[in-house]
Amino acid sequence: MTETTLPLIRNDSPATYKRLMGICGVAAGLALGVGTALNRPVIAVVLYAVGLTAAAVIPYGAARPLFDERDDAIHQRASGTTLALFGWLSALVYPSLVVLSGTELFSWGPASAAIAWTTVVVYGTYAVALGYFRHTSG
């Protein structure tokens, strides 16, 4: 029988694999941040890609599935909460910037323009996805 588990992992529990995936993801993010701060963008991106690739490959080396319906439900709730929070924040921030741009207290610069375009892209993407899923579900 062929062993499909990663040889570096002694404890074959799903929690161990999930923890290792998290460590790889955090290490990837840290490598990207530190490499950027040290003005080493190529090294930063290479280490980031290696870390995320390792995190993505780990489930394929597990002897049994790592995620089930409960995990999917948790991820759906977390992503829904995150998107709702940032959606409402952008719905408040963008109009506030528009109002402030009519005063001498604020003018549009690269950062504020990026916020404005991000708001448009996020809500546009949501509208397209909502229309698509409504159309295909019924």
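Scope of the values below: all heavy atoms of this structure, side chains included, with no hydrogens, waters or symmetry mates.
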Please report the interatomic distance [atom1]([X]) to [atom2]([Y]), rounded to the nearest 0.5 Å.
X	Y	atom1	atom2	value
I115	W108	CD1	CH2	8.0 Å
I23	L30	CD1	CG	11.5 Å
K18	D71	NZ	CG	3.5 Å
Y60	L66	OH	CG	10.5 Å

If you take all heavy atoms of [X] and [Y], which pair is closest and at what distance?
X	Y	answer
Y123	A91	OH-CB, 3.4 Å
P14	R64	CD-NH2, 3.3 Å
C24	G51	CB-O, 3.5 Å
P95	S90	CD-O, 3.8 Å
Y48	A28	CD1-O, 3.4 Å

Checklist entry - Do side-chain atoms of S112 reach the backbone of G109 as a donor and acceptor pair under 3.5 angstrom? => result yes

Item to check | Residue that, paired with I74, satisfies side chain to side chain contact (heavy atoms under 4.5 Å, CB included) out of Q76, R77, R70 | outcome: R70

Are [X] and [Y] joined in one hydrophobic group, where the rule is that I, L, V, M, F, W and Y side chains link up if heavy atoms are under 4.5 Å apart?
X	Y	answer
F106	Y94	yes
I58	F67	yes
V93	L100	yes
L52	V45	yes

